[in-house]
2 protein chains.
Amino acid sequence: MKTYTIKEMSELYHIPASTLRYYEEIGLLVNVGRTANHQRIYTDEHIVRMDGITCFKNTGLPIAQIQEFYRYECDIPANIDAIIALVEKHEADTVRQIEKMQSDLLHIRHKVRFYQGIKKAIDNQTQWPDWNEI
Amino acid sequence: MKTYTIKEMSELYHIPASTLRYYEEIGLLVNVGRTANHQRIYTDEHIVRMDGITCFKNTGLPIAQIQEFYRYECDIPANIDAIIALVEKHEADTVRQIEKMQSDLLHIRHKVRFYQGIKKAIDNQTQWPDWNEI
DNA sequence: TCTTGAGTTCAAGTATACTTGAAGTGTTAC
DNA sequence: GTAACACTTCAAGTATACTTGAACTCAAGA
């Protein structure tokens, strides 16, 4: 069975080792083994968990709700409705968030074109562009 | 000229009035007028500014960088290169963020289908689905 | 007139998510 | 064998972005 040190995990997920210790402390990572010298040993179980945690975090789910999800996940049959409610809501929230960001991206791109137009006008000593004409 | 009270702004942007006062305190909102009774008066200038601020915030630009952007913006000719660098970088960051969220959304949707499959299996007393088969 | 509601300033407090420091142990490189 | 490095625990500190509380002013309605 493949195992991972804290440093390997840290490099794999581009997060400091302290964050991995913190996730364990707050119960997001569980069953983390130790060597004879008390060093943490992570397994593929933790890889799967970290993939889930980073996906949730990335899409803006607060730590408290990630904890809630994994608490439910300990007893799936007992909590299946709550689990489905949580992930379906988070799916909808994520879709909305992406749509909002896509429209914000258009706004940002408009700003980029606007200031590029101003730079061109400065360089050529011509009239500045108008926000609505660009 | 159309003006807005703090309450109207608060309702327009779905943020508490305290946040509008805070944005003014840290210099994100400037030239906010007052009535004879010291009540804030916002104008279309502030609407434009708030649209920019919410766009930047939404796409994850930290307040410190939003402040930086608007400090540059006070003297566009002097700072045009810095402004373009900032917005172009933020455009690229936003594109990356959207792409990451889109792939995270697939992960979330996989979870949704997985747990829906489990619920179906529980209801029908059949075998649970496998993560990789769904 | 009195109360309700909206606003004001200023300082202090809070929530979230880590991060850092201190003091120590064990393993590898020269 | 000793220095450098990686790791440990535990408590305390930090960064970001607001939020709340206290004490007050002003205008409108019953």
Side-chain angles (χ1 to χ4, degrees), chain A residues 3-43 46 49-50 52-71 86 90 93 97 100 104, chain B residues 3-43 46 49-50 52-71 86 90 93 97 100 104:
Chain A
T3 62
Y4 310 84
T5 66
I6 200 166
K7 197 182 191 188
E8 286 167 338
M9 291 292 281
S10 158
E11 283 163 0
L12 224 45
Y13 291 99
H14 312 103
I15 53 169
S18 60
T19 302
L20 287 159
R21 291 190 201 101
Y22 167 69
Y23 284 173
E24 188 180 342
E25 189 188 318
I26 62 169
L28 265 190
L29 290 172
V30 292
N31 305 326
V32 180
R34 304 290 146 120
T35 65
N37 309 315
H38 317 291
Q39 303 196 189
R40 287 169 174 79
I41 306 167
Y42 298 92
T43 67
H46 303 105
R49 179 66 67 101
M50 278 303 294
I53 292 169
T54 51
C55 166
F56 282 140
K57 262 190 54 73
N58 234 305
T59 47
L61 196 68
I63 294 246
Q65 296 207 36
I66 304 179
Q67 288 175 311
E68 198 186 345
F69 173 81
Y70 287 113
R71 269 198 306 278
L86 195 153
H90 189 54
D93 288 348
Q97 231 188 303
K100 186 70 188 28
D104 287 331
Chain B
T3 62
Y4 309 83
T5 65
I6 200 166
K7 197 182 191 189
E8 286 168 337
M9 291 293 281
S10 158
E11 283 162 1
L12 224 45
Y13 291 98
H14 312 103
I15 53 168
S18 61
T19 302
L20 287 159
R21 291 189 201 102
Y22 168 69
Y23 284 172
E24 188 180 340
E25 189 188 319
I26 63 170
L28 265 189
L29 290 174
V30 292
N31 305 326
V32 180
R34 304 292 145 119
T35 65
N37 309 314
H38 317 290
Q39 304 198 190
R40 286 169 176 80
I41 306 168
Y42 299 92
T43 66
H46 304 105
R49 178 66 67 101
M50 278 303 294
I53 292 170
T54 52
C55 167
F56 282 140
K57 262 190 53 76
N58 233 306
T59 46
L61 196 67
I63 293 249
Q65 296 207 35
I66 304 179
Q67 288 175 311
E68 198 185 346
F69 173 80
Y70 286 113
R71 268 197 308 275
L86 195 153
H90 188 54
D93 288 348
Q97 230 188 303
K100 187 72 188 28
D104 287 332

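Naming convention: chains lettered A, B, ... in sequence-line order (proteins, then strands); numbering from 1 in each chain. Quick caveat: nothing in here was measured; it's all calculated off a predicted structure.
Remark: B:Tyr23 is not in phosphate contact with D:dA17, judged by side-chain N or O atoms under 4.0 Å from OP1 or OP2. One finds no side-chain N or O of A:Lys57 lying less than 4.0 angstrom from the OP1 or OP2 phosphate oxygen of C:dT16. Considering only side-chain N and O atoms, A:Asn37 lies nowhere under 4.0 angstrom from the phosphate OP1 or OP2 of D:dC7. Between C:dG7 and B:Arg40, no contact under 4.0 Å exists linking OP1 or OP2 to a side-chain N or O.
Side-chain atoms of A:Glu11 do not come within 3.5 Å of backbone N or O of A:Glu8 as any donor-acceptor pair.
Of the candidates C:dG7, C:dT8, D:dT8, the closest approach to any side-chain atom of B:Lys7 belongs to C:dG7. When each of D:dT20, C:dT8, D:dA6 is scored by its nearest atom to the side-chain atoms of B:Ser18, the top-ranked nucleotide is D:dT20.
Computed from coordinates, the A:Glu24 CD to D:dC7 P distance equals 14 Å when rounded to whole Å. One can place CD1 of B:Ile66 at 13 Å from P of D:dT16, the figure rounded to the nearest angstrom. The distance between atom CZ of B:Arg21 and atom C1' of D:dT19, rounded to the nearest whole Å, is 11 Å. For the pair B:Ile53 CD1 and D:dC18 C1', the interatomic distance rounds to 14 Å; values are reported in whole Å. The OH-P distance, from A:Tyr22 to D:dT9, rounds to 17 Å in whole Å. Rounded to whole Å, atom C1' of C:dT19 lies 12 Å from atom CD of A:Glu25. B:Ile6 places its CD1 atom 13 Å from the P atom of C:dA6, with the value rounded to the nearest Å. Across the protein-nucleic acid pair, B:Leu20 atom CG and D:dA17 atom P stand 16 Å apart, rounded to whole Å.
Minimum heavy-atom separation, B:Leu20 to B:Ser10: CD1-N, 3.6 Å. Contact record, A:Ile41 with A:His46: O-CE1, 4.3 Å, taken as the closest heavy-atom pair. Taking every heavy atom of both residues into account, A:Ile66 and A:Leu61 meet most closely at CD1-O, 3.6 Å.
Between B:Ile63 and B:Gln39, the residue whose closest nucleotide on DNA chain D is further toward the 5' end is B:Ile63.
Counting any heavy atom pair closer than 4.0 Å across all strands shown, B:Ile26 reaches no nucleic acid atom. Within 4.0 Å (heavy atoms only), B:Arg34 reaches sugar-phosphate atoms of the nucleic acid but no base atom. Across all strands shown, A:Thr19 has heavy atoms under 4.0 Å from sugar-phosphate atoms exclusively, and none from any base.
Rounding to the nearest 0.5 angstrom, the gap separating the CG atom in B:Asp93 from the CD atom in B:Gln65 is 8.5 Å.
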